[in-house]
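For reference, the structure discussed in these notes is given below.
To find a chain, count down the sequence lines: A is the first, B the second, and so on, and within it residues start at 1. No experiment lies behind these values; they were computed from the predicted model shown.
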Amino acid sequence: MNYWLLKTEPEVFSLDDLKAAGREHWDGVRNYQARNFIRDEMKVGDGVLIYHSRTQPIGIVGEARVASEPYPDPTQFNADEKYYDPKSPADNPRWFVVDIEYVDHFPKVLPLADLKQTPGLEKMVLTQKGSRLSVQPVRPDEWTIVQRLAGRADKA
DNA sequence: GCCAACGTTGGC
DNA sequence: GCCAACGTTGGC
């Protein structure tokens, strides 16, 4: 079992939106490194941290889990979609999604500024300067620290 | 809203 | 295949 962190702008799609939907495909990833994690490594049941960017405060807001095998991102084939990619062949799709299932909100947001100060998270992709990766692997020890910070000893 | 960091595109 | 120009991300 692997752990991941997914970034989203809550103005576009928030953890509240995921809660309301229960389950949703995580579309619009248009970065090859992120694509490779989704397509090649994500498995049903993997743990997911949801991170809100470009808001106040920015930080990890809760938890979800991977709920499907990877499959081609339907938005890449639709010319009406923001994420339409005319260069993606239907017989060899360029972009992939997985379904993400809501688990819960953390009791409080874990702000990025705090995570950067937390011992053990120095190597976390999220805390690296200039890291824009929207789909990030999280190490098990980092997952444990984050759960503990969130006040959830049961999951840590 | 600014702009540094980063990724992608395309002319050559 | 280099790299300048351009576009995007996302903290601040």
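When each of A:Y83 and A:A113 is assigned the nucleotide of DNA chain C with its nearest heavy atom, A:Y83 is the one assigned upstream, toward the 5' end.
Other residues sharing a hydrophobic cluster with A:V44 under the 4.5 Å side-chain heavy-atom criterion for ILVMFWY residues do not exist; the residue is a singleton.
Annotation: A:W4 is not in aromatic contact with A:Y51 [ring centroid separation under 6.0 Å not met].
When the side chain to side chain donor-acceptor pair (under 3.5 Å) test is applied to A:D17, the partners found at least two apart in sequence or on another chain are A:S14.
Between A:Y3 and A:W143, the ring planes are parallel. Angles under 30° get that label, and only those over 60° would be called perpendicular.
Contact between A:Q147 and A:E63 at its shortest, heavy atoms only, is NE2-OE1, 3.0 Å.
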Could you list the protein-to-nucleotides 6-10 of chain B atom pairs, N/O on both sides, closer than 3.5 Å?
residue	atom	partner	partner atom	Å
B:dC6	O2	A:R132	NH1	2.9
B:dC6	O2	A:R132	NH2	2.7
B:dG7	O4'	A:R132	NH2	3.1

